[in-house]
Participant: 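Sharing a structure below in structure tokens format, with a few things to ask.
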Amino acid sequence: MDRQFLQQAIDLAVENAKSGQGGPYGAIIVKDKRVIAACGNQVTTNIDPTAHAEVMAIRLACKALNDFQLSGCILYSSCEPCPMCLGAIYWARLAKVYFACSRHDAAAANFDDSFIYDEISVLPHQRRIAMLHLNLPNALEPFDIWAEKSDKVLY
């Protein structure tokens with residue numbers, strides 16, 4: 001069944017590329033051998049750089065399950081998830097990911113995210129986009145309040 005679900009993600013990517021509705025990516029999320037979410041890349045149609053197929057599918061699956069965690073779910077993606085999608089996958093607690101094309105295949109098609117992988121290991125102040133720490137006196141206040149809350153929802 002894994003091959004069939006992955007083929008569905010590829011078919012979605014093909015349709016997305018043909019229609020011009022977004023980039024050549026598709027993703028589906030399956031729980032208990034049933035598709036609960038499917039989406040193509042919608043970056044250009046939504047005018048949203050975070051609207052990658054995997055992220056959009058995660059959003060749809062969370063709504064479908066009414067849960068911010070997707071434990072027990074499997075993601076099938078037409079391509080190896082980029083660093084942003086990888087982060088979303090871990091935050092969503094997906095059980096497993098299957099992908100068809102590699103990041104190198106994507107790079108050959110002018111979707112190269114290797115610079116992001118490289119930037120992750122660079123100290124924040126040395127990154128291409130400067131990330132500068134400013135130490136304000138009350139910076140830890142949100143975390144202190146969170147630590148004291150007895151009714152917080154952990155994630």
Side-chain angles (χ1 to χ4, degrees), residues 1-133 142-143 146 152-155:
M1 293 214 51
D2 293 324
R3 289 182 178 278
Q4 293 170 342
F5 288 132
L6 188 55
Q7 186 60 57
Q8 287 181 43
I10 294 168
D11 294 344
L12 190 56
V14 167
E15 184 56 38
N16 217 47
K18 284 182 179 177
S19 72
Q21 293 299 306
Y25 297 93
I28 66 169
I29 295 179
V30 172
K31 183 168 180 122
D32 300 326
K33 298 182 179 170
R34 185 176 65 86
V35 175
I36 59 169
C39 200
N41 176 293
Q42 296 182 358
V43 168
T44 57
T45 53
N46 286 10
I47 310 171
D48 178 356
T50 69
H52 288 200
E54 298 90 338
V55 170
M56 298 302 291
I58 288 169
R59 291 173 182 165
L60 291 171
C62 287
K63 285 184 182 180
L65 296 177
N66 195 34
D67 198 341
F68 57 84
Q69 293 185 351
L70 299 175
S71 303
C73 294
I74 300 172
L75 172 77
Y76 296 86
S77 178
S78 62
C79 190
E80 180 181 356
C82 75
M84 176 184 69
C85 294
L86 185 62
I89 288 163
Y90 276 98
W91 281 116
R93 313 284 198 290
L94 285 151
K96 193 180 293 187
V97 175
Y98 289 94
F99 62 90
C101 295
S102 72
R103 69 175 99 163
H104 307 291
D105 298 322
N110 291 319
F111 291 96
D112 190 357
D113 54 14
S114 62
F115 72 98
I116 299 172
Y117 285 99
D118 295 341
E119 286 287 288
I120 291 170
S121 63
V122 175
L123 293 173
H125 67 280
Q126 294 176 335
R127 292 181 179 149
R128 291 182 194 181
I129 297 175
M131 299 188 183
L132 307 168
H133 176 244
F143 292 125
W146 180 256
K152 62 187 163 216
V153 177
L154 297 176
Y155 61 96

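Because only heavy atoms are used, hydrogens play no part in the values below, and waters and symmetry mates are left out as well, while side chains stay in. Here the structure is a predicted model, which is why all the values come from computation and not from measurement.
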Participant: Using side-chain heavy atoms (C-beta onward) and a distance below 4.5 Å, is I129 in contact with R127?
Facilitator: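 Sidechains of R127 and I129: no contact.
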Participant: Kindly say whether R128 contributes a backbone atom to a donor-acceptor pair with the side chain of E119 at under 3.5 angstrom?
Facilitator: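 Side chain of E119 to backbone of R128, a donor-acceptor pair under 3.5 Å: yes, one is there.
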Participant: Distance check, rounded to the nearest 0.5 Å: C39 atom SG versus N16 atom CG?
Facilitator: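 Going from SG on C39 over to CG on N16, the span is 7.5 Å.
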Participant: With sequence neighbours excluded, what pairs up with A13 under the side-chain contact (heavy atoms from CB on, under 4.5 Å) test?
Facilitator: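 side-chain contact (heavy atoms from CB on, under 4.5 Å) check on A13 returns S78.
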Participant: For I47, check side-chain contact (heavy atoms from CB on, under 4.5 Å) against everything at least two apart and list the hits.
Facilitator: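 I47 satisfies side-chain contact (heavy atoms from CB on, under 4.5 Å) with no other residue.
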Participant: Just grab all the salt bridge (Lys or Arg N to Asp or Glu O under 4.0 Å) pairs involving residues 77-91, residues at least two apart or on different chains.
Facilitator: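 Those involving residues 77-91 are E80-R103.
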Participant: Considering only heavy atoms from C-beta outward, does the side chain of N46 approach that of M56 to under 4.5 Å?
Facilitator: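 With C-beta onward as the side chain, the pair touches.
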Participant: If you compare all heavy atoms of N41 against all heavy atoms of G23, which two are closest, and at what distance to 0.1 Å?
Facilitator: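 For N41 versus G23, the nearest heavy atoms are OD1-N, 3.2 Å.
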Participant: Of all heavy-atom pairs between V55 and A88, which one has the smallest distance, and what is that distance?
Facilitator: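 Where V55 meets A88 most closely, the heavy atoms are CG2-CB, 4.2 Å.
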Participant: Per the ring-ring contact (aromatic ring centres under 6.0 Å, His included) rule, what does the pair list look like for residues 41-92, sequence neighbours excluded?
Facilitator: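 Residue pairs passing ring-ring contact (aromatic ring centres under 6.0 Å, His included), neighbours aside: F5-Y76, Y76-Y98.
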Participant: What are the two closest heavy atoms between I36 and A61, and how far apart are they?
Facilitator: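 Closest approach of I36 to A61, heavy atoms only: CD1-CB, 3.9 Å.
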Participant: Looking only at non-hydrogen atoms, find the nearest pair between L12 and G40 and report the distance.
Facilitator: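 So the two residues come closest at CD2-N, 3.9 Å.
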Participant: If every non-hydrogen atom of A57 is compared with every non-hydrogen atom of A37, which pair is closest and at what distance?
Facilitator: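 Minimum heavy-atom separation between A57 and A37: O-CB, 3.4 Å.
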Participant: As an exercise, state the distance from CD1 of I28 to CD1 of I74, rounded to the nearest 0.5 Å.
Facilitator: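 Nearest 0.5 Å value for the CD1-CD1 distance: 10.0 Å.
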Participant: Is any side-chain heavy atom of C79 less than 4.5 Å from a side-chain heavy atom of F111?
Facilitator: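 The answer is no, as the side chains (C-beta and beyond) never meet within the 4.5 Å cut-off.
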Participant: Would you mind reporting whether V97 and L86 have side-chain heavy atoms less than 4.5 Å apart?
Facilitator: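 Contact flag for L86/V97 side chains = no.
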Participant: To the nearest 0.5 Å, tell me how far E54 CD sits from I29 CD1.
Facilitator: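 Atom-to-atom, E54:CD and I29:CD1 are 9.0 Å apart.
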Participant: Given I58 and L94, is the side chain to side chain contact (heavy atoms under 4.5 Å, CB included) satisfied, shown in steps?
Facilitator: CA-CA 9 Å; I58 288 169; L94 285 151; 4.1 Å; yes
Participant: If you define the side chain from C-beta out and look only at heavy atoms, does anything of L70 sit under 4.5 Å from C62?
Facilitator: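 Side-chain contact under 4.5 Å: yes.
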Participant: For D105, enumerate each residue passing the side-chain hydrogen bond (donor to acceptor under 3.5 Å, both in side chains) test, keeping only those at least two apart in sequence or located in another chain.
Facilitator: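 side-chain hydrogen bond (donor to acceptor under 3.5 Å, both in side chains) check on D105 returns S102.
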Participant: Going by the salt bridge (Lys or Arg N to Asp or Glu O under 4.0 Å) test, which pairs reach into residues 8-30, not counting sequence neighbours?
Facilitator: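 Residue pairs with at least one partner in residues 8-30: there are none.
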Participant: Does a side-chain heavy-atom distance below 4.5 Å link P81 with I89?
Facilitator: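 Answer yes - side chains close enough.
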Participant: If you take all heavy atoms of D48 and T50, which pair is closest and at what distance?
Facilitator: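 Heavy-atom minimum between the residues: OD1-OG1, 2.6 Å.
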Participant: Can you establish whether the number of heavy atoms outside K152 located under 6.0 Å from its atom NZ is more than 12?
Facilitator: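 For K152, atom NZ is crowded (more than 12 foreign heavy atoms under 6.0 Å).
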Participant: When you measure from the side chain of D112 to the backbone of S114, do you find a donor-acceptor pair of N or O atoms at a distance under 3.5 Å?
Facilitator: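 Looks like yes, one N/O pair under 3.5 Å.
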